[in-house]
Amino acid sequence: QKNVGILAMEIYFPPTCIQQETLEAHDGASKGKYTIGLGQDCMGFCTEVEDVISMSLTAVTSLLEKYAIDPKQVGRLEVGSETVIDKSKSIKTFLMQIFEKCGNTDIEGVDSTNACYGGTAALFNCVNWVESSSWDGRYGLVVCTDSAVYAEGPARPTGGAAAIAMLIGPDAPIVFESKIRASHMAHVYDFYKPILDSEYPVVDGKLSQTCYLMALDSCYKILCNKYEKLEGKQFSIADAAYFVFHSPYNKLVQKSFARLAFNDFMRNASSIDEYAKATLAPFSSLSGDESYQSRDLEKASQLVAKPFYDEKVQPTTLIPKQVGNMYTASLYAAFASLLHNKHSALAGKRVILFSYGSGSTATMFSVRLNEGQHPFSLSNIASVMNVAEKLKSRNEFTPEKFVEIMKLMEHRYGAKDFVTSKDCSLLALGTYYLTEVDSKYRRFYAKK
Ligand code: ACO
(Lines give C-alpha, C1' and ligand atoms only; values in the text may rest on other atoms or scores of the structure.)
Protein backbone atom coordinates (compact mmCIF):
# COMPACT_ATOMS: atom_id res chain seq x y z
CA GLN A 1 0.00 0.00 0.00
CA LYS A 2 1.25 3.47 -0.82
CA ASN A 3 1.22 6.63 1.26
CA VAL A 4 -0.26 5.06 4.37
CA GLY A 5 -1.12 7.51 7.09
CA ILE A 6 -3.83 9.61 8.69
CA LEU A 7 -6.88 10.18 6.47
CA ALA A 8 -9.14 11.96 8.92
CA MET A 9 -9.17 13.29 12.48
CA GLU A 10 -11.68 14.42 15.08
CA ILE A 11 -10.96 15.92 18.49
CA TYR A 12 -13.22 16.16 21.53
CA PHE A 13 -12.45 17.92 24.77
CA PRO A 14 -14.85 18.70 27.63
CA PRO A 15 -16.72 22.01 27.48
CA THR A 16 -15.69 22.61 31.09
CA CYS A 17 -12.44 24.37 31.97
CA ILE A 18 -10.65 26.61 34.43
CA GLN A 19 -8.40 29.59 33.66
CA GLN A 20 -4.82 29.02 34.84
CA GLU A 21 -4.67 32.59 36.12
CA THR A 22 -7.64 31.92 38.39
CA LEU A 23 -6.27 28.59 39.58
CA GLU A 24 -2.89 30.19 40.26
CA ALA A 25 -4.44 32.79 42.55
CA HIS A 26 -6.61 30.19 44.29
CA ASP A 27 -3.61 27.88 44.90
CA GLY A 28 -1.56 30.72 46.37
CA ALA A 29 1.11 30.28 43.67
CA SER A 30 3.09 33.38 42.73
CA LYS A 31 1.53 35.41 39.95
CA GLY A 32 2.59 34.13 36.55
CA LYS A 33 3.76 30.70 37.75
CA TYR A 34 1.18 28.70 35.81
CA THR A 35 0.71 31.11 32.89
CA ILE A 36 4.31 32.19 32.23
CA GLY A 37 6.24 29.65 34.31
CA LEU A 38 4.43 26.62 32.91
CA GLY A 39 3.20 28.48 29.82
CA GLN A 40 -0.42 27.33 30.20
CA ASP A 41 -3.57 29.38 29.55
CA CYS A 42 -6.46 27.17 30.56
CA MET A 43 -7.18 23.60 31.68
CA GLY A 44 -10.01 21.32 30.58
CA PHE A 45 -11.44 18.64 32.87
CA CYS A 46 -14.21 16.05 32.98
CA THR A 47 -17.14 16.64 35.30
CA GLU A 48 -18.95 13.66 36.84
CA VAL A 49 -20.90 12.98 33.62
CA GLU A 50 -17.81 12.52 31.44
CA ASP A 51 -14.92 10.06 31.35
CA VAL A 52 -12.46 8.54 28.86
CA ILE A 53 -15.12 6.18 27.53
CA SER A 54 -17.78 8.83 26.93
CA MET A 55 -15.21 11.15 25.32
CA SER A 56 -14.00 8.43 22.96
CA LEU A 57 -17.57 7.39 22.09
CA THR A 58 -18.19 11.02 21.15
CA ALA A 59 -15.00 11.38 19.10
CA VAL A 60 -15.49 8.13 17.16
CA THR A 61 -19.19 8.70 16.44
CA SER A 62 -18.49 12.22 15.27
CA LEU A 63 -15.61 11.15 13.02
CA LEU A 64 -17.69 8.43 11.35
CA GLU A 65 -20.57 10.86 10.81
CA LYS A 66 -18.63 13.88 9.61
CA TYR A 67 -16.49 12.00 7.09
CA ALA A 68 -19.44 9.72 6.11
CA ILE A 69 -17.58 6.50 6.99
CA ASP A 70 -19.65 3.32 7.02
CA PRO A 71 -18.80 1.57 10.34
CA LYS A 72 -18.58 -1.70 8.40
CA GLN A 73 -15.55 -0.24 6.63
CA VAL A 74 -13.46 -0.26 9.82
CA GLY A 75 -11.32 -3.40 10.22
CA ARG A 76 -9.05 -2.43 13.10
CA LEU A 77 -9.67 -0.28 16.15
CA GLU A 78 -6.86 0.53 18.56
CA VAL A 79 -7.12 2.64 21.71
CA GLY A 80 -4.27 4.35 23.54
CA SER A 81 -5.01 5.43 27.10
CA GLU A 82 -3.45 5.50 30.55
CA THR A 83 -6.70 6.19 32.36
CA VAL A 84 -7.57 2.82 33.84
CA ILE A 85 -11.27 2.26 34.35
CA ASP A 86 -11.08 -1.52 34.21
CA LYS A 87 -8.02 -3.72 34.62
CA SER A 88 -9.28 -6.28 32.12
CA LYS A 89 -12.01 -4.94 29.87
CA SER A 90 -10.55 -2.64 27.24
CA ILE A 91 -11.94 0.76 26.29
CA LYS A 92 -12.01 -0.63 22.76
CA THR A 93 -14.78 -3.05 23.77
CA PHE A 94 -16.97 -0.14 24.91
CA LEU A 95 -16.49 1.47 21.51
CA MET A 96 -17.67 -1.76 19.85
CA GLN A 97 -21.23 -0.68 20.73
CA ILE A 98 -21.01 1.71 17.79
CA PHE A 99 -19.95 -1.01 15.37
CA GLU A 100 -22.09 -3.90 16.68
CA LYS A 101 -25.19 -1.83 15.92
CA CYS A 102 -24.17 -1.89 12.26
CA GLY A 103 -23.43 -5.60 12.27
CA ASN A 104 -19.65 -5.21 12.30
CA THR A 105 -17.93 -7.28 14.99
CA ASP A 106 -14.99 -8.24 12.78
CA ILE A 107 -12.56 -5.64 14.15
CA GLU A 108 -9.07 -6.41 15.43
CA GLY A 109 -7.16 -4.46 18.08
CA VAL A 110 -7.33 -3.71 21.82
CA ASP A 111 -5.89 -1.03 24.14
CA SER A 112 -2.24 0.00 24.45
CA THR A 113 -0.99 1.43 27.73
CA ASN A 114 2.20 3.14 28.79
CA ALA A 115 1.64 6.62 30.18
CA CYS A 116 1.28 9.20 27.40
CA TYR A 117 2.76 6.87 24.77
CA GLY A 118 -0.17 4.44 24.29
CA GLY A 119 -1.71 6.50 21.49
CA THR A 120 1.49 6.36 19.47
CA ALA A 121 1.72 2.58 19.96
CA ALA A 122 -1.91 2.30 18.78
CA LEU A 123 -1.19 4.52 15.79
CA PHE A 124 1.87 2.51 14.74
CA ASN A 125 -0.13 -0.73 15.10
CA CYS A 126 -2.76 0.58 12.69
CA VAL A 127 -0.27 1.97 10.18
CA ASN A 128 1.72 -1.29 10.28
CA TRP A 129 -1.48 -3.29 9.79
CA VAL A 130 -2.46 -1.33 6.69
CA GLU A 131 1.08 -1.77 5.34
CA SER A 132 1.10 -5.53 6.09
CA SER A 133 -0.08 -8.73 4.38
CA SER A 134 -2.83 -9.03 7.06
CA TRP A 135 -4.58 -5.90 5.77
CA ASP A 136 -8.08 -6.65 4.48
CA GLY A 137 -8.64 -3.37 2.64
CA ARG A 138 -10.61 -1.64 5.41
CA TYR A 139 -9.76 1.39 7.54
CA GLY A 140 -7.80 1.41 10.76
CA LEU A 141 -9.12 3.63 13.54
CA VAL A 142 -6.99 4.98 16.39
CA VAL A 143 -8.39 6.56 19.52
CA CYS A 144 -6.32 8.43 22.11
CA THR A 145 -8.33 9.22 25.21
CA ASP A 146 -7.31 10.43 28.66
CA SER A 147 -8.36 12.41 31.66
CA ALA A 148 -5.24 13.79 33.31
CA VAL A 149 -5.84 14.69 36.94
CA TYR A 150 -3.31 15.27 39.71
CA ALA A 151 -3.58 15.46 43.49
CA GLU A 152 -3.50 18.96 44.98
CA GLY A 153 0.03 20.33 44.70
CA PRO A 154 2.46 21.57 42.05
CA ALA A 155 1.38 19.07 39.38
CA ARG A 156 -2.35 19.89 39.58
CA PRO A 157 -2.24 22.73 37.00
CA THR A 158 -0.76 20.29 34.47
CA GLY A 159 -3.98 18.28 34.08
CA GLY A 160 -6.24 18.17 31.04
CA ALA A 161 -8.68 15.90 29.18
CA ALA A 162 -9.51 14.96 25.59
CA ALA A 163 -10.16 12.20 23.08
CA ILE A 164 -8.85 12.14 19.53
CA ALA A 165 -9.90 9.75 16.78
CA MET A 166 -7.77 9.19 13.67
CA LEU A 167 -8.70 7.20 10.57
CA ILE A 168 -5.81 5.29 8.99
CA GLY A 169 -5.45 4.09 5.41
CA PRO A 170 -3.57 4.41 2.11
CA ASP A 171 -3.36 7.57 -0.04
CA ALA A 172 -3.51 9.77 3.03
CA PRO A 173 -2.89 13.52 3.25
CA ILE A 174 -0.66 12.82 6.30
CA VAL A 175 1.84 10.17 5.19
CA PHE A 176 4.24 8.30 7.48
CA GLU A 177 7.89 8.45 6.48
CA SER A 178 8.42 5.18 8.31
CA LYS A 179 12.18 5.01 7.72
CA ILE A 180 12.69 8.29 9.57
CA ARG A 181 11.85 7.08 13.05
CA ALA A 182 13.78 6.60 16.27
CA SER A 183 12.89 5.33 19.74
CA HIS A 184 14.30 5.50 23.23
CA MET A 185 12.95 3.11 25.85
CA ALA A 186 14.26 2.73 29.39
CA HIS A 187 13.33 1.78 32.95
CA VAL A 188 12.74 4.86 35.10
CA TYR A 189 10.38 5.80 37.92
CA ASP A 190 9.53 9.35 36.85
CA PHE A 191 5.74 9.10 36.72
CA TYR A 192 3.68 5.98 37.44
CA LYS A 193 0.37 4.82 38.82
CA PRO A 194 0.95 2.11 41.42
CA ILE A 195 -1.99 3.17 43.61
CA LEU A 196 -4.78 1.19 42.05
CA ASP A 197 -7.67 2.79 43.92
CA SER A 198 -6.66 6.31 42.89
CA GLU A 199 -6.65 8.03 39.55
CA TYR A 200 -3.69 10.19 40.60
CA PRO A 201 -0.13 9.32 39.58
CA VAL A 202 2.96 9.24 41.75
CA VAL A 203 5.17 11.80 40.05
CA ASP A 204 8.69 13.11 40.46
CA GLY A 205 8.20 16.28 38.45
CA LYS A 206 11.84 17.31 38.10
CA LEU A 207 12.96 13.79 37.22
CA SER A 208 10.18 13.47 34.63
CA GLN A 209 11.38 16.66 32.91
CA THR A 210 14.95 15.35 32.73
CA CYS A 211 13.81 11.89 31.55
CA TYR A 212 11.74 13.57 28.84
CA LEU A 213 14.69 15.67 27.64
CA MET A 214 17.09 12.71 27.74
CA ALA A 215 14.68 10.61 25.67
CA LEU A 216 14.31 13.54 23.26
CA ASP A 217 18.09 13.85 22.83
CA SER A 218 18.48 10.13 22.30
CA CYS A 219 15.67 9.95 19.72
CA TYR A 220 16.94 13.01 17.85
CA LYS A 221 20.50 11.66 17.66
CA ILE A 222 19.31 8.29 16.34
CA LEU A 223 16.90 9.93 13.90
CA CYS A 224 19.68 12.17 12.56
CA ASN A 225 21.97 9.15 12.10
CA LYS A 226 19.29 7.19 10.28
CA TYR A 227 18.45 10.13 8.06
CA GLU A 228 22.09 10.65 7.15
CA LYS A 229 22.51 6.99 6.20
CA LEU A 230 19.33 7.15 4.14
CA GLU A 231 19.75 10.53 2.44
CA GLY A 232 23.52 10.92 2.46
CA LYS A 233 23.29 14.35 4.07
CA GLN A 234 23.05 15.81 7.54
CA PHE A 235 19.67 16.36 9.20
CA SER A 236 18.96 19.53 11.19
CA ILE A 237 15.95 21.45 12.44
CA ALA A 238 16.01 23.22 9.05
CA ASP A 239 14.89 19.96 7.38
CA ALA A 240 11.39 19.95 8.84
CA ALA A 241 8.81 22.72 8.58
CA TYR A 242 7.26 21.96 11.99
CA PHE A 243 8.11 20.14 15.20
CA VAL A 244 5.28 18.76 17.30
CA PHE A 245 5.91 17.64 20.88
CA HIS A 246 4.08 15.72 23.53
CA SER A 247 3.00 18.72 25.62
CA PRO A 248 2.61 18.24 29.40
CA TYR A 249 2.87 22.04 29.63
CA ASN A 250 4.18 24.59 27.15
CA LYS A 251 7.38 25.50 28.99
CA LEU A 252 8.67 21.96 28.48
CA VAL A 253 7.93 22.25 24.75
CA GLN A 254 9.99 25.47 24.60
CA LYS A 255 12.85 23.74 26.42
CA SER A 256 12.59 20.69 24.17
CA PHE A 257 12.88 22.60 20.94
CA ALA A 258 15.80 24.57 22.39
CA ARG A 259 17.42 21.24 23.18
CA LEU A 260 17.18 20.25 19.50
CA ALA A 261 18.93 23.49 18.56
CA PHE A 262 21.66 22.66 21.09
CA ASN A 263 21.99 19.20 19.52
CA ASP A 264 22.38 20.82 16.11
CA PHE A 265 25.09 23.07 17.55
CA MET A 266 26.97 20.09 19.03
CA ARG A 267 26.73 18.27 15.67
CA ASN A 268 27.91 21.36 13.83
CA ALA A 269 24.73 21.34 11.73
CA SER A 270 23.90 23.94 9.09
CA SER A 271 20.91 25.32 11.04
CA ILE A 272 23.33 27.01 13.46
CA ASP A 273 24.65 30.41 12.36
CA GLU A 274 27.65 32.32 13.68
CA TYR A 275 25.65 34.21 16.29
CA ALA A 276 24.18 30.96 17.63
CA LYS A 277 27.61 29.32 17.64
CA ALA A 278 29.05 32.15 19.70
CA THR A 279 26.11 32.06 22.11
CA LEU A 280 26.37 28.31 22.70
CA ALA A 281 30.15 27.96 22.60
CA PRO A 282 30.58 28.29 26.40
CA PHE A 283 28.52 25.09 26.83
CA SER A 284 30.25 22.87 24.31
CA SER A 285 32.29 21.01 26.92
CA LEU A 286 29.46 20.25 29.37
CA SER A 287 28.88 16.56 30.05
CA GLY A 288 25.44 15.16 29.26
CA ASP A 289 24.38 15.25 32.91
CA GLU A 290 25.67 18.78 33.43
CA SER A 291 23.85 19.96 30.34
CA TYR A 292 20.48 18.94 31.83
CA GLN A 293 21.20 20.88 35.01
CA SER A 294 22.60 24.07 33.46
CA ARG A 295 20.15 26.96 33.70
CA ASP A 296 22.49 29.13 31.65
CA LEU A 297 22.49 26.64 28.80
CA GLU A 298 18.70 26.44 28.99
CA LYS A 299 18.47 30.22 28.63
CA ALA A 300 21.11 30.48 25.88
CA SER A 301 19.63 27.70 23.75
CA GLN A 302 16.09 29.09 24.17
CA LEU A 303 17.40 32.43 22.96
CA VAL A 304 19.08 30.86 19.92
CA ALA A 305 16.01 28.75 19.13
CA LYS A 306 13.44 31.54 19.58
CA PRO A 307 13.05 32.63 15.92
CA PHE A 308 12.82 28.97 14.83
CA TYR A 309 10.41 28.24 17.67
CA ASP A 310 8.06 31.01 16.54
CA GLU A 311 8.04 29.62 13.03
CA LYS A 312 8.22 25.84 13.55
CA VAL A 313 6.63 25.15 16.94
CA GLN A 314 4.34 27.99 18.01
CA PRO A 315 1.55 27.00 15.52
CA THR A 316 1.35 23.59 17.27
CA THR A 317 0.78 24.91 20.78
CA LEU A 318 -2.80 26.23 20.77
CA ILE A 319 -4.83 23.26 22.07
CA PRO A 320 -2.23 22.02 24.59
CA LYS A 321 -2.04 25.54 26.09
CA GLN A 322 -5.82 25.84 26.19
CA VAL A 323 -6.75 22.33 27.35
CA GLY A 324 -3.64 21.14 29.20
CA ASN A 325 -1.92 17.77 29.20
CA MET A 326 -4.23 15.28 27.51
CA TYR A 327 -1.71 12.44 28.06
CA THR A 328 -2.04 10.08 25.04
CA ALA A 329 -3.99 12.72 23.11
CA SER A 330 -1.54 15.53 23.88
CA LEU A 331 0.85 15.04 20.93
CA TYR A 332 -2.05 14.62 18.50
CA ALA A 333 -3.84 17.67 19.90
CA ALA A 334 -0.66 19.63 19.21
CA PHE A 335 -0.68 18.23 15.67
CA ALA A 336 -4.38 19.13 15.37
CA SER A 337 -3.44 22.70 16.37
CA LEU A 338 -1.01 22.81 13.45
CA LEU A 339 -3.70 21.61 11.02
CA HIS A 340 -6.08 24.19 12.47
CA ASN A 341 -3.60 27.07 12.13
CA LYS A 342 -1.81 26.20 8.89
CA HIS A 343 -3.95 23.76 6.89
CA SER A 344 -3.76 25.73 3.66
CA ALA A 345 0.03 26.05 3.78
CA LEU A 346 1.11 22.53 4.68
CA ALA A 347 1.24 20.68 1.35
CA GLY A 348 4.70 19.29 0.65
CA LYS A 349 5.90 19.97 4.20
CA ARG A 350 7.62 17.56 6.56
CA VAL A 351 6.59 17.49 10.20
CA ILE A 352 8.56 15.79 12.99
CA LEU A 353 6.59 14.48 15.98
CA PHE A 354 7.95 13.47 19.38
CA SER A 355 5.95 11.15 21.60
CA TYR A 356 6.95 10.60 25.24
CA GLY A 357 5.40 8.31 27.84
CA SER A 358 6.89 8.16 31.33
CA GLY A 359 8.39 4.98 32.56
CA SER A 360 9.71 5.45 29.83
CA THR A 361 8.92 5.04 26.15
CA ALA A 362 9.56 7.59 23.42
CA THR A 363 9.58 7.79 19.64
CA MET A 364 10.41 10.59 17.24
CA PHE A 365 8.89 10.14 13.79
CA SER A 366 8.25 11.97 10.56
CA VAL A 367 5.18 12.64 8.44
CA ARG A 368 4.92 14.30 5.05
CA LEU A 369 1.80 16.30 4.17
CA ASN A 370 -0.16 16.74 0.96
CA GLU A 371 -3.53 18.42 0.43
CA GLY A 372 -5.32 15.09 -0.18
CA GLN A 373 -8.78 14.60 -1.64
CA HIS A 374 -12.11 15.46 -0.09
CA PRO A 375 -13.22 14.30 2.44
CA PHE A 376 -9.67 13.26 3.34
CA SER A 377 -8.05 16.64 2.79
CA LEU A 378 -6.13 18.84 5.21
CA SER A 379 -8.66 21.65 4.82
CA ASN A 380 -11.59 19.33 5.50
CA ILE A 381 -9.88 17.86 8.57
CA ALA A 382 -9.40 21.40 9.90
CA SER A 383 -13.02 22.29 9.24
CA VAL A 384 -14.39 19.06 10.79
CA MET A 385 -12.32 19.54 13.96
CA ASN A 386 -13.67 23.07 14.26
CA VAL A 387 -11.16 23.88 16.97
CA ALA A 388 -11.85 27.61 17.33
CA GLU A 389 -15.56 27.05 17.89
CA LYS A 390 -14.98 24.23 20.39
CA LEU A 391 -12.55 26.37 22.39
CA LYS A 392 -14.85 29.37 22.32
CA SER A 393 -17.95 27.56 23.50
CA ARG A 394 -16.40 26.28 26.73
CA ASN A 395 -17.61 27.19 30.21
CA GLU A 396 -15.19 28.54 32.77
CA PHE A 397 -15.52 27.16 36.30
CA THR A 398 -14.44 28.79 39.55
CA PRO A 399 -11.58 27.13 41.48
CA GLU A 400 -14.01 26.26 44.30
CA LYS A 401 -16.30 24.41 41.89
CA PHE A 402 -13.30 22.74 40.22
CA VAL A 403 -11.95 21.47 43.55
CA GLU A 404 -15.42 20.23 44.51
CA ILE A 405 -15.62 18.25 41.25
CA MET A 406 -12.14 16.76 41.80
CA LYS A 407 -13.22 15.63 45.30
CA LEU A 408 -16.39 14.03 43.94
CA MET A 409 -14.41 12.28 41.21
CA GLU A 410 -12.02 10.86 43.83
CA HIS A 411 -14.99 9.15 45.47
CA ARG A 412 -16.46 8.02 42.18
CA TYR A 413 -13.22 6.43 40.94
CA GLY A 414 -13.58 2.66 41.23
CA ALA A 415 -16.99 3.03 42.91
CA LYS A 416 -20.19 1.16 42.09
CA ASP A 417 -23.90 1.59 42.57
CA PHE A 418 -24.40 5.24 41.75
CA VAL A 419 -26.24 7.33 39.22
CA THR A 420 -24.77 10.58 37.94
CA SER A 421 -26.64 13.88 37.87
CA LYS A 422 -27.25 13.19 34.16
CA ASP A 423 -26.89 16.93 33.78
CA CYS A 424 -25.80 17.34 30.18
CA SER A 425 -26.82 20.99 29.84
CA LEU A 426 -23.25 22.10 29.11
CA LEU A 427 -22.55 19.34 26.58
CA ALA A 428 -22.92 19.86 22.85
CA LEU A 429 -25.55 17.91 20.96
CA GLY A 430 -24.25 14.44 20.08
CA THR A 431 -22.01 14.18 23.16
CA TYR A 432 -22.05 10.92 25.12
CA TYR A 433 -22.26 11.06 28.92
CA LEU A 434 -22.17 8.68 31.86
CA THR A 435 -25.53 8.00 33.47
CA GLU A 436 -24.97 5.12 35.87
CA VAL A 437 -22.58 2.58 37.33
CA ASP A 438 -24.66 -0.33 38.65
CA SER A 439 -24.10 -2.73 41.56
CA LYS A 440 -21.92 -4.92 39.33
CA TYR A 441 -19.70 -1.99 38.25
CA ARG A 442 -21.28 -1.96 34.78
CA ARG A 443 -21.17 1.45 33.17
CA PHE A 444 -24.00 3.02 31.17
CA TYR A 445 -23.89 5.94 28.79
CA ALA A 446 -26.43 8.06 26.94
CA LYS A 447 -26.09 10.41 23.98
CA LYS A 448 -27.37 13.98 24.10
N1 ACO B 1 6.38 33.88 37.13
C2 ACO B 1 6.98 33.29 36.07
N3 ACO B 1 7.56 32.08 36.15
C4 ACO B 1 7.54 31.43 37.33
C5 ACO B 1 6.95 31.99 38.47
C6 ACO B 1 6.35 33.28 38.34
N7 ACO B 1 5.75 33.88 39.38
N8 ACO B 1 7.09 31.10 39.49
C9 ACO B 1 7.75 30.04 39.00
N10 ACO B 1 8.02 30.23 37.70
C11 ACO B 1 8.65 29.30 36.75
C12 ACO B 1 9.83 28.54 37.28
O13 ACO B 1 11.03 29.30 37.17
C14 ACO B 1 9.81 27.33 36.38
O15 ACO B 1 10.29 27.63 35.10
P16 ACO B 1 11.72 27.12 34.63
O17 ACO B 1 11.67 25.63 34.65
O18 ACO B 1 11.90 27.67 33.28
O19 ACO B 1 12.67 27.66 35.64
C20 ACO B 1 8.33 27.08 36.18
O21 ACO B 1 7.69 28.31 36.50
C22 ACO B 1 7.76 25.99 37.06
O23 ACO B 1 8.12 26.30 38.37
P24 ACO B 1 8.70 25.16 39.33
O25 ACO B 1 9.03 25.73 40.65
O26 ACO B 1 9.76 24.40 38.59
O27 ACO B 1 7.37 24.29 39.42
P28 ACO B 1 7.05 23.08 40.35
O29 ACO B 1 8.26 22.30 40.67
O30 ACO B 1 6.24 23.59 41.48
O31 ACO B 1 6.11 22.22 39.36
C32 ACO B 1 6.20 20.61 37.57
C33 ACO B 1 6.34 22.07 37.99
C34 ACO B 1 7.38 19.80 38.16
C35 ACO B 1 6.24 20.54 36.07
C36 ACO B 1 4.87 20.04 38.09
O37 ACO B 1 3.82 20.78 37.56
C38 ACO B 1 4.67 18.57 37.77
O39 ACO B 1 5.16 17.70 38.47
N40 ACO B 1 3.88 18.24 36.67
C41 ACO B 1 3.61 16.88 36.27
C42 ACO B 1 4.80 16.17 35.67
C43 ACO B 1 4.98 16.45 34.20
O44 ACO B 1 4.12 16.96 33.51
N45 ACO B 1 6.16 16.05 33.63
C46 ACO B 1 6.43 16.22 32.23
C47 ACO B 1 6.85 14.97 31.48
S48 ACO B 1 5.97 13.53 31.99
C49 ACO B 1 4.28 13.72 31.61
O50 ACO B 1 3.92 14.01 30.50
C51 ACO B 1 3.32 13.49 32.66
Side-chain angles (χ1 to χ4, degrees), residues 20-41 43 80-83 113-120 144 146-162 184-186 188-194 199-217 219 244-259 291-303 305-306 309 320-321 323-334 353-363:
Q20 291 284 3
E21 205 174 359
T22 318
L23 188 60
E24 196 176 78
H26 172 264
D27 291 351
S30 58
K31 188 160 175 48
K33 181 172 179 188
Y34 298 173
T35 50
I36 299 160
L38 296 174
Q40 292 300 108
D41 295 331
M43 178 169 72
S81 180
E82 60 161 294
T83 307
T113 300
N114 188 87
C116 310
Y117 186 83
T120 300
C144 309
D146 270 307
S147 161
V149 285
Y150 290 92
E152 278 177 25
R156 178 152 273 186
T158 62
H184 176 84
M185 310 237 166
V188 283
Y189 273 124
D190 59 334
F191 165 112
Y192 45 111
K193 291 179 174 169
E199 212 175 347
Y200 300 145
V202 173
V203 56
D204 182 336
K206 291 283 175 258
L207 178 65
S208 75
Q209 293 170 336
T210 308
C211 289
Y212 179 111
L213 294 175
M214 286 171 70
L216 176 74
D217 277 353
C219 288
V244 190
F245 296 89
H246 166 56
S247 314
Y249 48 92
N250 180 257
K251 176 61 83 59
L252 189 57
V253 173
Q254 296 171 35
K255 290 183 186 181
S256 297
F257 186 70
R259 197 76 208 177
S291 78
Y292 297 111
Q293 307 308 326
S294 169
R295 304 282 299 170
D296 291 339
L297 167 59
E298 215 172 75
K299 285 206 193 82
S301 52
Q302 269 177 262
L303 191 69
K306 176 79 168 80
Y309 177 91
K321 284 174 77 123
V323 181
N325 191 354
M326 297 152 266
Y327 288 160
T328 54
S330 163
L331 172 64
Y332 303 98
L353 295 95
F354 176 67
S355 180
Y356 178 79
S358 293
S360 69
T361 55
T363 301

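Nothing here was measured: the structure is a model prediction, and the numbers come from that model. Note that ligands are numbered from 1 as they come in the structure, with each ligand's atoms numbered from 1 the same way.
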Criterion side-chain contact (heavy atoms from CB on, under 4.5 Å) on E199 and S147, from CA distance to verdict: CA-CA 9 Å; E199 212 175 347; S147 161; 3.9 Å; yes
Per-atom contacts, ligand 1 versus K251 - under 4.0 Å to a heavy atom: 15 (O), 16 (P), 18 (O)
Backbone or side-chain N or O of S30 under 3.5 Å from ligand 1 N or O: yes
Distance from atom 39 (O) of ligand 1 to nearest protein heavy atom, with residue and atom: G205 CA, 3.4 Å
Test item: D146 side-chain N/O and T83 main-chain N/O as donor-acceptor pair under 3.5 Å: yes
OG on S360 to OH on Y192, rounded to 0.5 Å: 13.5 Å
For F191, atoms of ligand 1 separated by under 4.0 Å from a heavy atom: 51 (C)
Close N or O approach (Y249, ligand 1; < 3.5 Å): no
For atom 43 (C) of ligand 1, the protein heavy atom that lies nearest, with its residue and separation: S208 OG, 3.7 Å
Protein residue, atom and distance nearest to atom 40 (N) of ligand 1, heavy-atom basis: T158 OG1, 3.3 Å
Backbone or side-chain N or O of K31 under 3.5 Å from ligand 1 N or O: yes
Flag, side chain of S355 to backbone of T363, donor-acceptor distance under 3.5 Å: no
Nearest-neighbour protein heavy atom for atom 48 (S) of ligand 1, which is reported as residue plus atom name and distance: S358 OG, 3.4 Å
Partners meeting salt bridge (charged side-chain N to carboxylate O under 4.0 Å, His left out) with K306 (sequence neighbours left out): D310
Distance-only N or O hit between ligand 1 and Q209, under 3.5 Å: no
Identity of the nearest option to atom 13 (O) of ligand 1, non-hydrogen atoms only, from K33, K206, R295, R156: R295
Sequence-distant partners of T361, side chain to side chain contact (heavy atoms under 4.5 Å, CB included), two or more places apart: N114, Y117, M185
Aromatic ring pairing Y356/F354, orientation class (parallel under 30°, perpendicular over 60°, tilted between): parallel
Where ligand 1 meets A155 - atom numbers and elements under 4.0 angstrom, heavy-atom basis: 36 (C), 37 (O), 38 (C), 39 (O), 40 (N), 41 (C)
Any N or O of D190 closer than 3.5 Å to N or O of ligand 1: no
Protein heavy atom at shortest distance from atom 36 (C) of ligand 1: P154 O, 3.5 Å
Donor-acceptor pair, side chain of E298 and main chain of K255, under 3.5 angstrom: no
Atoms in ligand 1 flagged as close to N325, the criterion being non-hydrogen separation under 4.0 Å: 50 (O), 51 (C)
Heteroatom proximity flag, V203 to ligand 1, N/O under 3.5 Å: no
Nearest-neighbour protein heavy atom for atom 50 (O) of ligand 1, which is reported as residue plus atom name and distance: H246 NE2, 2.9 Å
Any donor-acceptor pair under 3.5 Å from Q40 side chain to Y249 backbone: no
Shortest non-hydrogen contact between L213 and S256, atoms and distance: CD2-OG, 3.7 Å
Aromatic contact, F245 with Y212 (centres under 6.0 Å): no
For atom 44 (O) of ligand 1, the protein heavy atom that lies nearest, with its residue and separation: P248 CB, 3.4 Å
Y356-ligand 1 polar pair, N/O distance under 3.5 Å: no
K255 near ligand 1 by a heavy-atom separation under 4.0 Å: yes
Contact with ligand 1 for Y34, non-hydrogen, under 4.0 angstrom: no
Side chain S208, main chain F191, donor-acceptor under 3.5 Å: no
Backbone of C116 reached by a side-chain donor or acceptor of E82 within 3.5 Å: yes
K251 side-chain N/O to G37 backbone N/O, donor-acceptor pair under 3.5 Å: yes
Closest approach of any protein heavy atom to atom 33 (C) of ligand 1, naming residue and atom: L38 CD2, 4.0 Å
Selection from P157, G37, G32, A29 by shortest heavy-atom distance to atom 11 (C) of ligand 1: G37
